[in-house]
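Here is how names work: the chains are called A, B, and so on, in the same order as the sequence lines, proteins then strands, and each is numbered from 1.
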2 protein chains.
Amino acid sequence: METETEEAELLALAQSFRSTLRHAVYLSRSMDSDGELSTMQMSTLSMAADAPLRVSRVAANLGIRVPSATEQIIKLEQAGLVSRQPDPTDSRAVLVQLTRTGRTTWEEVNRRRNARIAELLGRLDSRDRATLAAALPVVAQLTNHS
Amino acid sequence: METETEEAELLALAQSFRSTLRHAVYLSRSMDSDGELSTMQMSTLSMAADAPLRVSRVAANLGIRVPSATEQIIKLEQAGLVSRQPDPTDSRAVLVQLTRTGRTTWEEVNRRRNARIAELLGRLDSRDRATLAAALPVVAQLTNHS
DNA sequence: CGTGAATGTTAGGCTGCCTAACTATGGAAA
DNA sequence: TTTCCATAGTTAGGCAGCCTAACATTCACG
């Protein structure tokens with residue numbers, strides 16, 4: 001029964017994957033705990049850095065509900081990183097956009113976090129780095145499909 | 001300047017890695033939202049499944065503070081999945097161990113979540129699966145070193 | 001002994017998510 | 001035009017999970 005061993009291998013991989021997922025979450029949390037801005041807030045700024053967007057778009061991209069997005073956006077607004085303007089083409093909607101301070105802060109935090117991760121990755125030998133790099137798009141594929 | 005391009009590549013990889021990390025967290029959150037048990041609670045059960053252990057060990061392994069671990073453990077206790085016994089060798093300490101219900105529940109939830117991830121992984125072609133499998137230990141290495 | 005370290009628990013607070021209920025605008029159909 | 005439903009967002013209230021500070025108990029050592 002070829003399919004049975006395949007199934008077993010798949011389950012074994014799934015278990016390793018889940019375990020690694022925990023590690024990843026752990027790592028992500030430790031990134032957040034520099035106190036600056038949460039990963040979610042950084043993601044929000046990233047989106048707005050490309051172009052102004054609606055609250056509902058932010059919520060969808062973050063995978064959270066609209067009221068939760070509103071909450072986060074209001075915090076970013078109070079921190080002066082983001083502004084909320086009514087959408088001229090639809091006055092029900094609100095456009096979230098980066099302020100100048102928001103952009104510079106975002107760039108700087110981004111730089112710092114990239115450097116921190118780069119430092120971690122730098123400890124790997126180049127073979128491991130290549131392995132990791134190859135796997136990143138696969139993970140992206142996994143989450144996009146679901 | 002060879003080292004400069006290396007540095008730039010490392011930063012680029014770091015950026016991709018951070019982005020993928022977000023995806024991973026997203027995926028992990030969606031796993032949790034089946035309502036059953038949180039990933040952290042499952043991890044706690046996993047530890048206790050091996051052998052009874054102290055609250056402080058649970059906290060250390062989960063990367064949280066002792067009071068937070070106490071909180072989670074009490075919830076697991078109230079759910080009947082875990083029992084708290086004073087450590088016979090040190091009556092300050094508390095040993096967390098699985099109840100019979102705890103073990104069967106843990107096994108079943110584990111099975112279900114493995115199956116869910118396996119189903120996701122099954123959609124990948126075998127080449128991508130191999131790439132992913134190769135990268136898992138690298139990620140583990142990353143988080144252990146930090 | 002007695003004093004400082006170690007182990008947990010309790011109390012109180014914060015963040016981030018949720019649902020339900022509401023306001024206001026848009027759009028289409030009578 | 002007017003009515004009515006859908007869409008966009010906010011407000012209110014609640015819950016989970018983390019934190020620090022303060023505490024009780026036990027241990028271990030001088």
Going by atom type alone, with no hydrogens or angles, which donor-acceptor pairs under 3.5 Å involve a side-chain atom of residues 69-77 of chain B and a protein atom two or more places apart or on another chain?
from, atom 1, to, atom 2, distance (Å)
B:T70, OG1, B:V66, O, 3.2
B:Q72, OE1, B:Q41, NE2, 3.4
B:E77, OE1, B:R84, NE, 3.2
B:E77, OE1, B:R84, NH2, 3.3

Distance-only donor-acceptor hits, side chain of residues 49-65 of chain B, under 3.5 Å, sequence neighbours excluded:
from, atom 1, to, atom 2, distance (Å)
B:R54, NH2, B:D87, OD2, 3.4
B:N61, ND2, B:R57, O, 3.4

Under 3.5 Å donor-acceptor, B:T44 side chain and B:M40 backbone: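 Yes; judged by distance alone, with no hydrogens or angles, the pair exists.
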Give a yes/no answer on whether the side chain of A:S56 brings an N or O atom under 4.0 Å of OP1 or OP2 in D:dG9. yes
Contacts of type side-chain hydrogen bond (donor to acceptor under 3.5 Å, both in side chains), residue A:R129, not counting sequence neighbours: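 Applying side-chain hydrogen bond (donor to acceptor under 3.5 Å, both in side chains) to A:R129 gives none.
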Among all residues two or more places apart in sequence or in another chain, which pass the side-chain hydrogen bond (donor to acceptor under 3.5 Å, both in side chains) test with B:S16?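 Applying side-chain hydrogen bond (donor to acceptor under 3.5 Å, both in side chains) to B:S16 gives none.
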How does the hydrophobic cluster around B:L11 look, that is, which other residues are in it when side-chain heavy atoms under 4.5 Å mark a link?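 Direct or chained contacts put B:L11 with none.
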Who clusters with A:V25? Use side-chain heavy atoms, under 4.5 angstrom, across I, L, V, M, F, W and Y, and order the result by chain and number.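 Joined to A:V25, directly or through intermediates: B:V25.
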Under 4.0 Å, heavy atom to any atom of DNA chain C: which of residues 57-78 of chain A qualify?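 DNA chain C contact set from residues 57-78 of chain A: A:I64, A:R65, A:P67, A:S68, A:E71, A:Q72, A:K75.
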Within residues 82-97 of chain A: residues closer than 4.0 Å to DNA chain C (heavy atoms):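 Result for residues 82-97 of chain A: A:D90, A:S91, A:R92, sorted by number.
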Round to the nearest Å and state the distance from A:E36 atom CD to C:dT15 atom P. 16 Å
Between B:R29 (CZ) and D:dA16 (P), how many Å, whole number? 17 Å
Donor-acceptor contacts, no H, no angles, side chain residues 92-100 of chain A, under 3.5 Å, sequence neighbours left out:
from, atom 1, to, atom 2, distance (Å)
A:R92, NE, A:D90, OD1, 3.1
A:R92, NH2, A:D90, OD2, 2.9
A:T99, OG1, A:G80, O, 2.7
A:T99, OG1, A:L81, O, 3.2
A:T99, OG1, A:G102, N, 2.9

